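Down below is the structure, laid out as structure tokens.
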There are 2 protein chains.
Amino acid sequence: MVNSQAVERPANLSKMAAIAPKPVVKDAILDATDRLLARFGYRKMTVEDIAAEAGIGKGTIYLHFSSKEEVVLSHVDRIVERLKDRLREIASSDATAAERLRLMLLTRVLFRFDSIQHYTQSLNDLLAALRPGLLARRALYFEAEAEIFAEVLVIGRQSGEFSFDDEHVTAHALLQATNGLLPYSLSTTELGERAEVEQRASDVANLMLQGLLSRTTS
Amino acid sequence: MVNSQAVERPANLSKMAAIAPKPVVKDAILDATDRLLARFGYRKMTVEDIAAEAGIGKGTIYLHFSSKEEVVLSHVDRIVERLKDRLREIASSDATAAERLRLMLLTRVLFRFDSIQHYTQSLNDLLAALRPGLLARRALYFEAEAEIFAEVLVIGRQSGEFSFDDEHVTAHALLQATNGLLPYSLSTTELGERAEVEQRASDVANLMLQGLLSRTTS
DNA sequence: ATACTGACTGGAATTCGATTTTGGTCAACA
DNA sequence: TGTTGACCAAAATCGAATTCCAGTCAGTAT
């Protein structure tokens with residue numbers, strides 16, 4: 001439940017580190033988790049393993065996270081958080097709106113692919129153990145992503161580049177169309193080669209974007 | 001391995017039933033399988049159960065299928081075969097090519113949804129047991145579907161309704177975009193309400209089709 | 001105080017051998 | 001000639017003994 005992103009009332013700036021104790025340690029825990037997930041998978045990775053890998057005591061983990069499950073879910077959260085940063089970066093670049101959306105769609109697929117392809121065989125394990133928690137967050141992830149996409153859509157419409165009715169519906173459709181390429185239930189090996197996934201994402205993106213382009217421009 | 005679809009050299013027409021013994025029985029076995037999958041799931045359903053439900057002896061199952069796994073995979077094959085019939089039906093209707101594709105996309109999603117929503121909780125079980133076999137067939141299913149879609153695409157282009165480069169790439173993109181709504185790894189309950197799934201499929205289809213429409217028509 | 005730790009605990013997971021179930025075969029049967 | 005169900009080996013299941021580990025908290029260090 002501790003979310004370093006949410007900044008509520010920075011009451012005492014000099015004591016920020018105390019309010020959310022040592023974000024450096026928190027990140028070290030998540031880094032360790034990433035390495036160990038790749039090496040052992042979810043079930044065989046113990047909390048003591050994580051602590052040792054991070055160079056801290058086991059109890060310290062519980063000062064930052066409420067449970068082992070929460071550690072791993074936060075790790076996934078961090079991946080998505082970084083993805084969102086990347087998406088916002090692309091969203092505010094100076095390419096055409098269509099080019100930005102295209103790159104954003106490719107990125108949302110490939111960033112996830114790259115983030116978890118390290119632990120391929122252990123993914124099923126993780127998924128089986130955390131399915132309920134992950135499904136709950138999936139919806140939140142998509143919603144957050146949709147907002148970023150919607151902004152670019154609106155900008156593209158203002159400039160006359162795009163033509164569409166509802167930006168939220170359209171944003172969700174864009175995400176939905178690429179969801180089949182996300183390694184949520186199919187592992188990265190089952191999805192196919194990276195290059196092939198990229199090609200498929202690209203083909204889908206091209207077709208969708210063609211549908212967005214304003215009829216008047218051509 | 002016994003595939004009633006593949007018609008190789010119908011040597012003796014009067015003995016067809018002997019070459020592929022009693023397709024009626026075969027269908028009865030698959031019908032029984034469908035009912036029992038819903039009731040018990042894959043693992044708890046025994047071959048003897050199937051035989052009893054179909055009103056035949058256990059050994060008879062093995063005159064039609066090489067293994068229990070093959071029985072269930074053939075059951076899935078039959079679902080897809082029926083779906084393809086439905087798709088071809090729509091493909092040859094007299095609506096506009098866009099309307100046909102739209103309906104075909106909705107159908108490929110909802111037909112699957114309806115076909116397996118009976119056995120929701122037992123789906124994970126089935127998926128875990130048959131994953132390798134199912135993944136292998138998935139590719140074949142998509143390929144076969146893509147062909148039907150490609151035909152409609154070509155017709156739409158001939159009539160000037162559509163504009164696109166490669167019909168196979170485009171057909172695959174259409175399928176890929178709706179794959180995320182198929183109950184392959186996510187069960188029907190995890191996908192959401194039927195109406196919601198329908199809405200999402202519809203939104204995606206609309207956007208994709210918008211991209212196909214020829215620029216000249218508007 | 002405050003930040004951290006690791007020994008400790010109960011419940012969960014694993015192991016392993018005994019027992020039961022079941023996928024697949026085939027000799028007998030209709 | 002087509003069908004069957006008793007039969008067999010392999011797999012699944014069970015259950016008790018054992019190990020393991022997530023989470024706690026008294027204690028240490030700072």
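Note that the structure is a prediction, hence the values are computed from the model and not measured.
- With rounding to whole Å, A:I50 atom CD1 is found 16 Å from C:dT5 atom C1'.
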Given protein heavy atoms under 4.0 Å, the one-letter contact record of nucleotides 22-30 of chain D, with B base, S sugar-phosphate only and - none, is simply BBB------
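- Here the P atom of nucleotide C:dG23 and the CG atom of B:L130 are 13 Å apart, to the nearest Å.
- Ion pairing between B:D31 and B:R78 holds under the 4.0 Å rule for side-chain N and carboxylate O.
- Between B:R137 and B:E70 a salt bridge is recorded (basic side-chain N to carboxylate O distance below 4.0 Å).
- Checked for salt-bridge contact, A:E53 and A:R39 meet the test: a charged N lies under 4.0 Å from a carboxylate O.
- Regarding B:K44, its NZ atom lies at a distance of 17 Å from the C1' atom of D:dA11, rounded to whole Å.
- At the heavy-atom level, A:I61 lies nowhere under 4.0 Å from the strands shown.
- Applying the side chain to side chain contact (heavy atoms under 4.5 Å, CB included) test between B:M104 and each of B:T178, B:L87, B:L83 identifies B:L87 as the sole match.
- Whole-Å rounding puts the B:L63 CG to D:dT1 C1' distance at 11 Å.
- Separating the CZ atom of B:F65 from the P atom of D:dT3 is a distance of 14 Å, rounded to the nearest angstrom.
- A:D125 has its CG atom 13 Å from the C1' atom of C:dA13, to the nearest Å.
- Under a cutoff of 6.0 Å and an axis angle of 45°, A:K84 and A:F111 do not form a cation-pi pair.
- Of the N and O atoms on the side chains of B:S202 and B:R102, at least one donor lies less than 3.5 Å from an acceptor on the other residue.
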